[in-house]
Chemist: 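Quick one: the structure is below, questions incoming.
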Amino acid sequence: MKTIAEVAAEFGVSTRTIRYYEEIGLLVPGRTSGNRRMYSKTDMTRLKLIFRGKRYGFSLEEIKEMILLFDEDRTGKKQLKRTIEYGESRIAEIEGTIAEFQALKAEMEILLGQFKQKLREEEEGS
């Protein structure tokens with residue numbers, strides 16, 4: 001069991017972030033007799049999933065749905081199916097973004113080539 005300060009330090013986030021995840025139902029830490037939050041291995045695993053999901057661009061609502069599906073179906077099948085759906089959707093978004101950046105890069109390379117050619121012509125004409 002870890003305190004909120006230990007958990008926040010381990011993940012490199014503020015204690016406010018950890019409390020926010022509790023407020024929106026992503027975490028349900030235990031409490032001491034003095035009402036201090038105590039985080040279990042399960043809570044730590046959930047936090048790892050939350051931060052991984054955020055790194056991959058999933059919304060907190062999507063992450064919450066994926067995490068709560070495991071509580072609903074302990075076989076993990078529903079969670080895996082939803083994760084696959086969200087993952088495939090996210091990959092499609094990333095591929096679209098990559099295509100946009102590749103088109104932008106190609107356009108910039110053409111313009112830079114034109115600018116360099118113009119500069120050479122200017123320098124040769126001087």
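When a residue number appears, it is its place in the shown sequence, counting from 1.
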Chemist: To the nearest 0.5 Å, how far apart are CE in Met66 and OH in Tyr86?
Modeler: 7.0 Å
Chemist: Could you report the tightest heavy-atom contact between Lys2 and Glu6, atom names first, then the distance?
Modeler: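 Where Lys2 meets Glu6 most closely, the heavy atoms are CA-OE1, 3.2 Å.
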Chemist: Hey, does Glu10 have a side-chain heavy atom less than 4.5 Å from the side chain of Met44?
Modeler: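 Yes - at least one pair of side-chain heavy atoms lies under 4.5 Å apart.
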Chemist: Applying the side chain to side chain contact (heavy atoms under 4.5 Å, CB included) test to Tyr21, which of Ile50, Val13, Asp43, Val28 qualifies?
Modeler: Ile50
Chemist: Between Leu68 and Leu80, is there a shared hydrophobic cluster once you connect ILVMFWY residues whose side-chain heavy atoms come closer than 4.5 Å?
Modeler: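 They do not share one cluster, since no chain of ILVMFWY contacts under 4.5 Å joins Leu68 to Leu80.
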Chemist: Looking at Arg19, I'd like to know if its CZ atom is crowded, meaning that more than 12 non-hydrogen atoms belonging to other residues, nucleotides or ligands lie closer than 6.0 Å.
Modeler: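 Atom CZ in Arg19 is packed in, count exceeds 12.
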Chemist: Would you give the length of the straight line joining atom OG1 of Thr15 to atom CZ of Arg37, rounded to the nearest 0.5 angstrom?
Modeler: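 Rounded to the nearest 0.5 Å, the OG1-CZ separation comes out at 8.5 Å.
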Chemist: Under 6.0 Å from the CD atom of Glu107, do we count more than 12 heavy atoms belonging to anything else shown?
Modeler: no
Chemist: Could you give the distance from CD1 (Ile110) to CZ (Phe115), rounded to the nearest 0.5 Å?
Modeler: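 Going from CD1 on Ile110 over to CZ on Phe115, the span is 11.5 Å.
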Chemist: Are Phe58 and Ile94 linked, directly or through other ILVMFWY residues, by side chains that come within less than 4.5 angstrom of each other?
Modeler: no
Chemist: Applying salt bridge (charged side-chain N to carboxylate O under 4.0 Å, His left out), run through Arg90 and Glu93 and close with a yes or a no.
Modeler: CA-CA 5 Å; Arg90 185 71 184 119; Glu93 290 174 23; 3.0 Å; yes
Chemist: Can you name the closest pair of heavy atoms from Leu26 and Lys64 and give their distance?
Modeler: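 So the minimum-distance heavy-atom pair works out to CD2-CA, 3.3 Å.
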Chemist: Regarding Arg31 and Glu22, does a basic nitrogen lie under 4.0 Å from an acidic carboxylate oxygen?
Modeler: yes
Chemist: Go through the steps for Leu27 and Tyr39 under the test side-chain contact (heavy atoms from CB on, under 4.5 Å), then give the verdict.
Modeler: CA-CA 9 Å; Leu27 296 172; Tyr39 295 86; 4.2 Å; yes
Chemist: Linking I/L/V/M/F/W/Y whenever their side-chain heavy atoms sit closer than 4.5 Å, directly or via other members, would Ile18 and Met1 fall into one cluster?
Modeler: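 No: no chain of side-chain contacts under 4.5 Å links Ile18 to Met1.
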Chemist: Pick one: which of Glu123, Lys116, Glu121 meets side chain to side chain contact (heavy atoms under 4.5 Å, CB included) with Leu119?
Modeler: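 The side chain to side chain contact (heavy atoms under 4.5 Å, CB included) with Leu119 is passed solely by Glu123 among Glu123, Lys116, Glu121.
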Chemist: Are Leu69 and Leu47 connected, step by step, through hydrophobic side chains (Ile, Leu, Val, Met, Phe, Trp, Tyr) whose heavy atoms are closer than 4.5 Å?
Modeler: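 The answer is no; the residues belong to distinct hydrophobic clusters.
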Chemist: Supply the atom-to-atom distance Ile63 CD1 to Tyr56 OH, rounded to the nearest 0.5 angstrom.
Modeler: 12.0 Å
Chemist: Report the C-alpha separation of Lys118 and Glu122 in whole Å, then their side-chain angles, then the decisive distance to 0.1 Å, and conclude whether the salt bridge (charged side-chain N to carboxylate O under 4.0 Å, His left out) test is met.
Modeler: CA-CA 6 Å; Lys118 183 172 180 161; Glu122 295 279 329; 5.0 Å; no
Chemist: So, taking the atom named CD1 in Ile4 and the one named OG in Ser14, what distance separates them when rounded to the nearest 0.5 Å?
Modeler: 8.5 Å
Chemist: Roughly how far apart are Lys78 NZ and Phe70 CZ, rounded to 0.5 Å?
Modeler: 13.0 Å
Chemist: Considering only heavy atoms from C-beta outward, does the side chain of Met38 approach that of Thr3 to under 4.5 Å?
Modeler: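 When only atoms from C-beta onward are counted, Thr3 and Met38 do touch, with a gap below 4.5 Å.
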Chemist: Answer with yes or no whether the hydrophobic clustering places Leu60 together with Phe51; edges join I, L, V, M, F, W, Y residues whose side-chain heavy atoms lie under 4.5 Å apart.
Modeler: yes
Chemist: Any Lys/Arg nitrogen of Glu124 or Arg120 sitting under 4.0 Å from an Asp/Glu carboxylate oxygen of the other?
Modeler: no
